[in-house]
Trainee: 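Please find one structure pasted underneath; my questions will follow.
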Amino acid sequence: MSTLGDQVRDWHHGVLAVAREDLERALCLFSAVREPPAKIYFNMGCVHLMAGDPEAALRAFDQAVTKDTCMAVGFFQRGVANFQLERFQEAVSDFQLALAQLRSNAAIDYTQLGLRFKLQAWEVLYNMASAECQAGLWAKAADTLVEATSKWPEGAQGVLDTALDQVQKRAPLQLRQVPTGEVFQPPRQYLQHLKPMDFLGKAKVVASGIPDNHNTDGWPQQRSQVEQAGHQSPPSVGGPMSHALCYNLLASGRPAPGPSEDSSGTGGAAAKDPESLVTVTVQCHFTVPLKAPRDTDLSSLRALLAQALLHQAHVGQLSYQAPGEKFWVPIPTEESLQSVWRNAATGPRGLQLQCRGAWGRPVLYQVVARHDYSAQRPEDLDFHRGDTVDVLCEVDESWLEGHRDGCIGIFPKCFVVPAGTYVEALPGPGPKPGDQH
């Protein structure tokens, strides 16, 4: 059985095959994806159109809009396939469905969803008029173009005026469609894990907390001041991916009887006296992808996990919590860390830090859901009221990309509030998620 990584790899290689116009290979790779999502069926339809097979393209677009009934661009391309098959009434119906999924918006930009194409409402109406011309409905086609001109004239006035003039002269219009070769690409967060990673890196002793003649617990003589002192929950072994992993790190506050050593010769931080040491508590929460044989033993699984966590510790977002505060403040630069050290010097609890990451990406901040959100598309992230979501990227002014329970997707910003500002209240009617697409 193929893993998620194998399926993403086939999807990616299929996109590359389309780019070099190896259509047979592209169809083979897209077909290899188990239980294809709507985007894969859409890609197959576009490849069939490139190959001059509108009948096969129609079947693929049928599957795409069945999987995702809100896919406006899927209805748009199915209308193109029907048009090429000279099924003009069916084409008009598909363009009407595409326009309905635009929900009175002037356009839908699919770039953030992996397709470099912006579906314009006027283009949908233009194609509708083109199909009406072929069906002999010239007056209806002219009315459709007038509607397009009155509602969405920006950037298209000249094209629509020329088209209206052609229709009045009973000259057919050339159909518009998604540019040849443009297909949905797999999500970026999946692609980055197809590349091999060096999880181990280079080991370096930052500072020794135990002298050579006091090593009585069987640890290596050169031991970092940062020790694992918390708990960790091992990931599930049922699939190629682990669930969230939580553990705490405690920086020891014990003074060193002698000078500290730095075997790397790079001048690591040394503990000079007890007063210079600050207790640092780091709460870590990571979601890591692991690929392991099905019958991997516990020690080998822990070794894989340790390698992945070492990489996560380097890329995770460090944040600081001031004494008495509920908010976590990101520490993006060396200057901000030095400011944190100055504040921690006066606090009795030492330094409280947090490190969060998901799939090798830093967590920018956290939000809490004010309303339930049900995924409208495969790339959406659903959640319930009160759920905490890690924000990985601010897509635009209205959408965020986030992580919850091992899943990554996008969701509307208006459904959440910053963590720490959420107040439990009686549930009210939430926003309409359909208006966000």
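Because only heavy atoms are used, hydrogens play no part in the values below, and waters and symmetry mates are left out as well, while side chains stay in. Just so it is clear, the structure is predicted and the values come from calculations on it, not from any experiment.
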Trainee: At what distance, to the nearest 0.5 angstrom, does CH2 of Trp399 lie from SG of Cys393?
Mentor: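 Trp399 atom CH2 to Cys393 atom SG measures 13.5 Å (nearest 0.5 Å).
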
Trainee: With ring centroids as reference points, do Phe411 and Tyr373 lie under 6.0 angstrom apart?
Mentor: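 No - the distance between ring centres of Phe411 and Tyr373 does not fall below the 6.0 Å cut-off.
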
Trainee: Would you find a donor on one side and an acceptor on the other, under 3.5 Å apart, between the side chain of Gln77 and the backbone of Val178?
Mentor: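 Indeed, once roles are kept as given, a pair shorter than 3.5 Å links the two residues.
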
Trainee: Quick check on the 6.0 Å ring-centre criterion: do Phe95 and Phe75 meet it?
Mentor: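 Phe95 vs Phe75: aromatic centres not under 6.0 Å.
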
Trainee: Can a side-chain donor-acceptor contact be found between Asn127 and Glu123 if the only test is distance below 3.5 angstrom?
Mentor: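 Not at all, the side chains of Glu123 and Asn127 share no donor-acceptor pair under 3.5 Å.
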
Trainee: I'd like to know if the side chain of Arg170 reaches the main chain of Gly136, judged simply by a donor and an acceptor atom lying under 3.5 Å from each other, with no hydrogens or angles considered.
Mentor: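 Looks like no, no N/O pair under 3.5 Å.
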
Trainee: I'd like to know if the side chain of Thr144 reaches the main chain of Met128, judged simply by a donor and an acceptor atom lying under 3.5 Å from each other, with no hydrogens or angles considered.
Mentor: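 No.
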
Trainee: Return yes if some donor-acceptor pair links the side-chain N/O of Asn105 with the main-chain N/O of Ala107 below 3.5 Å, else return no.
Mentor: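 No, the answer is negative, given that no donor and acceptor are paired below the 3.5 Å cut-off.
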
Trainee: side-chain hydrogen bond (donor to acceptor under 3.5 Å, both in side chains) with Ser299: which residues, sequence neighbours excluded?
Mentor: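 For Ser299 the side-chain hydrogen bond (donor to acceptor under 3.5 Å, both in side chains) partners, ignoring immediate neighbours, are Asp297.
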
Trainee: Looking at CE of Met71 and CG of Leu97, how far apart are the two atoms once the value is rounded to the nearest 0.5 Å?
Mentor: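 Result: 14.0 Å between the selected atoms.
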
Trainee: Lys39 side chain to Ala64 main-chain N or O, any donor-acceptor pair under 3.5 Å?
Mentor: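 Here the side-chain-to-backbone pair does not exist.
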
Trainee: Salt bridge or not for Arg87 and Glu55, using N-O below 4.0 Å?
Mentor: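 Salt bridge present between Arg87 and Glu55.
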
Trainee: Are the side chain of Thr69 and the backbone N or O of Val65 linked by a donor-acceptor pair below 3.5 Å?
Mentor: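 Such a contact is absent between Thr69 side chain and Val65 backbone.
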
Trainee: From the options Asp390, Val417, Val389, select the one residue that forms a side chain to side chain contact (heavy atoms under 4.5 Å, CB included) with Val367.
Mentor: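 Per the side chain to side chain contact (heavy atoms under 4.5 Å, CB included) rule, the option paired with Val367 is Val389, out of Asp390, Val417, Val389.
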
Trainee: Look only at the side chain of Asp387 and the backbone of His384, and say whether a donor-acceptor pair between them is shorter than 3.5 Å.
Mentor: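 Present.
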
Trainee: Run the numbers on Arg78 and Asp94 for salt bridge (charged side-chain N to carboxylate O under 4.0 Å, His left out), then give the verdict.
Mentor: CA-CA 7 Å; Arg78 192 175 73 172; Asp94 280 334; 2.7 Å; yes

Trainee: Measure the NE2-OG1 distance between His403 and Thr388 for me, rounded to the nearest 0.5 Å.
Mentor: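 One finds 12.0 Å between NE2 of His403 and OG1 of Thr388.
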
Trainee: Roughly how far, to the nearest 0.5 Å, is CD of Gln7 from CG of Leu29?
Mentor: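 Rounded to the nearest 0.5 Å, the CG-CD separation comes out at 12.5 Å.
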
Trainee: State which residues pass salt bridge (Lys or Arg N to Asp or Glu O under 4.0 Å) with Arg116; sequence neighbours excluded, sorted by chain then number.
Mentor: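 For Arg116, the residues satisfying salt bridge (Lys or Arg N to Asp or Glu O under 4.0 Å) (neighbours in sequence not counted) are Glu182.
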
Trainee: Return yes if some donor-acceptor pair links the side-chain N/O of Asp372 with the main-chain N/O of Arg385 below 3.5 Å, else return no.
Mentor: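 Looks like yes, one N/O pair under 3.5 Å.
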
Trainee: Hey, would you say the Phe61 and Tyr41 ring centroids sit under 6.0 Å apart?
Mentor: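 No.
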
Trainee: Less than 6.0 angstrom from the centroid, inside 45 degrees of the normal: does Arg176 satisfy that with respect to the ring of Tyr126?
Mentor: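 Here Arg176 passes the 6.0 Å and 45° test against Tyr126.
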
Trainee: Phe184 vs Tyr110 aromatic rings, parallel, tilted or perpendicular, using cut-offs 30° and 60°?
Mentor: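 Judged by the thresholds at 30° and 60°, the geometry between Phe184 and Tyr110 is perpendicular.
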
Trainee: Working note: Glu147 + Lys140, criterion salt bridge (charged side-chain N to carboxylate O under 4.0 Å, His left out); need CA distance, chi angles, decisive distance, verdict.
Mentor: CA-CA 11 Å; Glu147 180 186 356; Lys140 180 62 177 174; over 6 Å; no

Trainee: Mark yes or no for whether Ser300, through its side chain, and Thr296, through its backbone, hold a donor-acceptor pair below 3.5 Å.
Mentor: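 Answer holds: no.
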
